[in-house]
Amino acid sequence: MPTHTKVDVAIVGAGMGSGVLALLAAARGRRVAVLDRHADGPRDPVRGEILQPNGLRILDRLGLLDGLPAGEVSRTQRFHFHQIGGPRLVTIDYGVLREPYNYTLIARPSTVMAPLRRRLAETPGIEVRWGCEVVGLVRDGGRVAGVEVVSNGMRRRIEAAVVVGGDGAASPVRTALGIRSRIHAYRDGYLTLILPRPPGFGPDGRYYVGRREILGVFPLGADSVYLFYLWPAGDRPRLEAAGLDAFKARLTAIDPAIAPALEALSGWDQVGWMPCVKVVPRAWVADGAVLIGDAAHALNPHVAQGRNQALEDAVALDAVLASCFEVGNFSRRALALYERLRRPRAIVLQRLGDEMAFFWNTGNPLIGWIRNRVFAAMERDEPLRRKMLALVAGLSDRPYSVWDRVRALAGI
Ligand SMILES: Cc1cc2nc3c(=O)[nH]c(=O)nc-3n(C[C@H](O)[C@H](O)[C@H](O)COP(=O)(O)OP(=O)(O)OC[C@H]3O[C@@H](n4cnc5c(N)ncnc54)[C@H](O)[C@@H]3O)c2cc1C
């Protein structure tokens with residue numbers, strides 16, 4: 001690698017939004033460098049993730065759903081919410097949405113990334129550099145003019161008309177830009193497990209909500225299930241001190257059907273830990289630089305929209321960058337259109353995530369009662385159910401109005 005190179009767009013972080021932005025920019029004839037500090041690409045967390053209809057549409061238009069191995073993904077339409085130790089509260093059915101995006105796709109992030117990575121590698125104009133850590137920004141006067149990277153122990157400089165920070169919730173690019181941000185670490189995160197699919201496990205996802213207790217069980221391809229279990233951040237020693245058998249017994253008590261899957265759990269090293277954070281930066285854009293994905297708007301995973309929002313960022317930013325390149329202007333003002341297009345939607349979803357975390361994760365019996373009542377109202381009231389579905393599926397920006405909330409609570 002030369003010590004000094006020049007590209008049109010330097011994208012820091014090789015997540016899904018970054019990859020799609022690279023493809024879209026290259027299709028317009030731009031030279032793009034995608035830089036990721038991990039030598040063999042982003043680490044695959046121990047989890048399945050939901051691709052929502054909005055994300056599916058973007059990937060499908062780029063032909064990136066075609067090559068997915070059928071045995072490693074689950075097309076899931078129905079999610080059943082149960083009260084722990086109690087009745088089913090509501091079923092959310094994506095099947096009522098308009099085809100062809102009337103389902104969710106549940107898969108390991110690496111499964112969905114694989115065709116995207118192949119496409120990046122074979123697309124002229126795109127260079128993906130793994131094991132390449134961005135350690136600083138190159139500045140020209142007040143504006144960002146590139147990045148400083150360290151790769152194979154060598155420090156290099158990559159000049160770019162625009163630098164895109166797709167480098168995650170802790171975003172070193174955001175820090176280097178000096179953008180002040182509100183970063184909220186939720187008090188609860190998730191223990192995650194991928195286990196063999198128990199016999200008879202159907203195509204639907206299941207959520208169980210209780211008193212500061214949530215268990216999710218999702219199908220993950222033909223042979224696996226993905227489990228996530230709410231747990232207080234920093235409290236893993238208490239879990240491990242109680243022992244693996246106690247953990248398995250608790251999960252089995254919530255959903256006896258997963259007992260055969262839990263037989264494959266033999267050590268804590270199989271149990272992942274996922275903290276949850278929300279990030280609200282003062283600005284998403286600076287002179288010569290812009291943030292996408294979690295760097296711009298990490299949100300609570302209850303909404304299952306983080307990756308899908310990163311894909312929407314890519315599409316919006318590509319359009320804005322096209323006009324910036326036309327006039328050769330990458331100032332904060334020129335890039336601000338991207339933030340104006342995208343931030344309001346991200347805020348709606350971040351607020352939804354906060355509300356979900358407040359009501360779903362609660363240990364307070366009264367708030368839990370309200371949560372269960374709202375779930376039950378959604379089960380009875382189709383418009384309420386559809387409105388929430390459209391929001392979570394990424395097909396609408398309209399949260400519940402005051403009237404919706406009154407209806408949900410009063411059962412009108
Ligand atoms: C428990 C949990 C469940 C979730 N479930 C879902 C779900 O079901 N659906 C969904 O849509 N979203 C879900 N999310 C959110 C989703 O995982 C994130 O929104 C998504 O990964 C963000 O992608 P990103 O590309 O912005 O950042 P990241 O995936 O964090 O990628 C950032 C990349 O930047 C690279 N990087 C960082 N610093 C540097 C540097 N200095 N130099 C070079 N490279 C660097 C990293 O190596 C990394 O590859 C979930 C999140 C959690 C915590």
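Atoms within each ligand, like the ligands themselves, are counted from 1 in listed order.
Close approach of ligand 1 to Pro301 is summarised as follows: ligand atoms under 4.0 Å from at least one heavy atom of the residue are 2 (C), 3 (C), 4 (C), 50 (C), 51 (C), 52 (C). Atoms of ligand 1 found under 4.0 Å from any heavy atom of Gln305 (numbered from 1 in listed order, with element): 10 (C), 11 (O). When each atom of ligand 1 is checked for a heavy atom of Leu35 under 4.0 Å away, the hits are 43 (C), 44 (N). For ligand 1, the atoms lying closer than 4.0 Å to a non-hydrogen atom of Gly293 are 26 (O). Each of the atoms 33 (C), 34 (O), 35 (C), 43 (C), 44 (N), 46 (C), 47 (O), 48 (C), 49 (O) of ligand 1 lies under 4.0 Å from some heavy atom of Asp36. Applying the 4.0 Å criterion to heavy atoms of Asn308 picks out, from ligand 1, the atoms 10 (C), 11 (O).
Atom CZ of Arg236 is surrounded by more than 12 heavy atoms from other residues, nucleotides or ligands within 6.0 Å. At most 12 heavy atoms of other shown residues, nucleotides or ligands fall within 6.0 angstrom of atom CZ in Arg211. Within 6.0 Å of CZ in Arg61 there are 12 or fewer heavy atoms belonging to other residues, nucleotides or ligands.
At a 4.0 Å heavy-atom cut-off, ligand 1 touches Glu49 through backbone and side chain alike. Here Ala169 has no heavy atoms under 4.0 Å from ligand 1, in either its backbone or its side chain. Proximity of Val12 to ligand 1, defined as any heavy-atom pair under 4.0 Å, is confined to the side chain (atoms from C-beta onward). Residue-level proximity to ligand 1 for Gln309 is absent, since no heavy atom of it falls below 4.0 angstrom. Contacts between Pro275 and ligand 1 below 4.0 angstrom, taking non-hydrogen atoms only, involve the backbone exclusively. For Ala304, heavy-atom contacts with ligand 1 shorter than 4.0 Å involve the backbone as well as the side chain.
The distance criterion of under 3.5 Å between nitrogen or oxygen atoms is met by Arg307 with respect to ligand 1. Residue-to-ligand polar distances keep Pro172 apart from ligand 1: every N/O pair is separated by 3.5 Å or more. Looking at ligand 1, you'll find an N or O of Arg47 within less than 3.5 Å of one of its N or O atoms. Between Ile50 and ligand 1, at least one N/O pair is under 3.5 Å apart.
Under the ring pair (Phe, Tyr, Trp, His ring centres under 6.0 Å) criterion, Tyr103 pairs with no residue at all, not counting sequence neighbours. Scored by the side-chain contact (heavy atoms from CB on, under 4.5 Å) test, Thr123 finds Leu23, Ala26, Arg119, Ile126 as partners (sequence neighbours excluded).
Between Glu312 and the choices Arg343, Arg345, Arg307, the salt bridge (charged side-chain N to carboxylate O under 4.0 Å, His left out) rule is met once, by Arg345.
Checking Met274, Glu133, Met113 against atom 1 (C) of ligand 1, the nearest heavy atom belongs to Met274. Which of Leu311, Asp167, Ile106 comes nearest to atom 36 (N) of ligand 1 through a heavy atom is settled by distance: it is Asp167. Atom 31 (O) of ligand 1 has its nearest heavy-atom neighbour, among Gly166, Ala310, Gly13, Gly189, in Gly166. Taking all heavy atoms of Gly131, Gly15, Gly168 into account, the minimum distance to atom 27 (O) of ligand 1 is reached by Gly168.
Between Tyr208 and Phe81, the ring center distance fails the sub-6.0 Å criterion. Taking the ring centroids of Trp360 and Phe375, they lie under the 6.0 Å cut-off. A ring-centre distance under 6.0 Å is found for Phe228 and Phe218. Outside the 6.0 Å centre-distance limit, the rings of Trp130 and His38 are not counted as a close aromatic pair. Aromatic rings of Trp284 and Tyr338 (six-membered ring for Trp) have centroids within the 6.0 Å cut-off, being under it.
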Stepwise, does the side chain to side chain contact (heavy atoms under 4.5 Å, CB included) test hold for Val392 with Met356? CA-CA 11 Å; Val392 174; Met356 285 174 161; 3.9 Å; yes
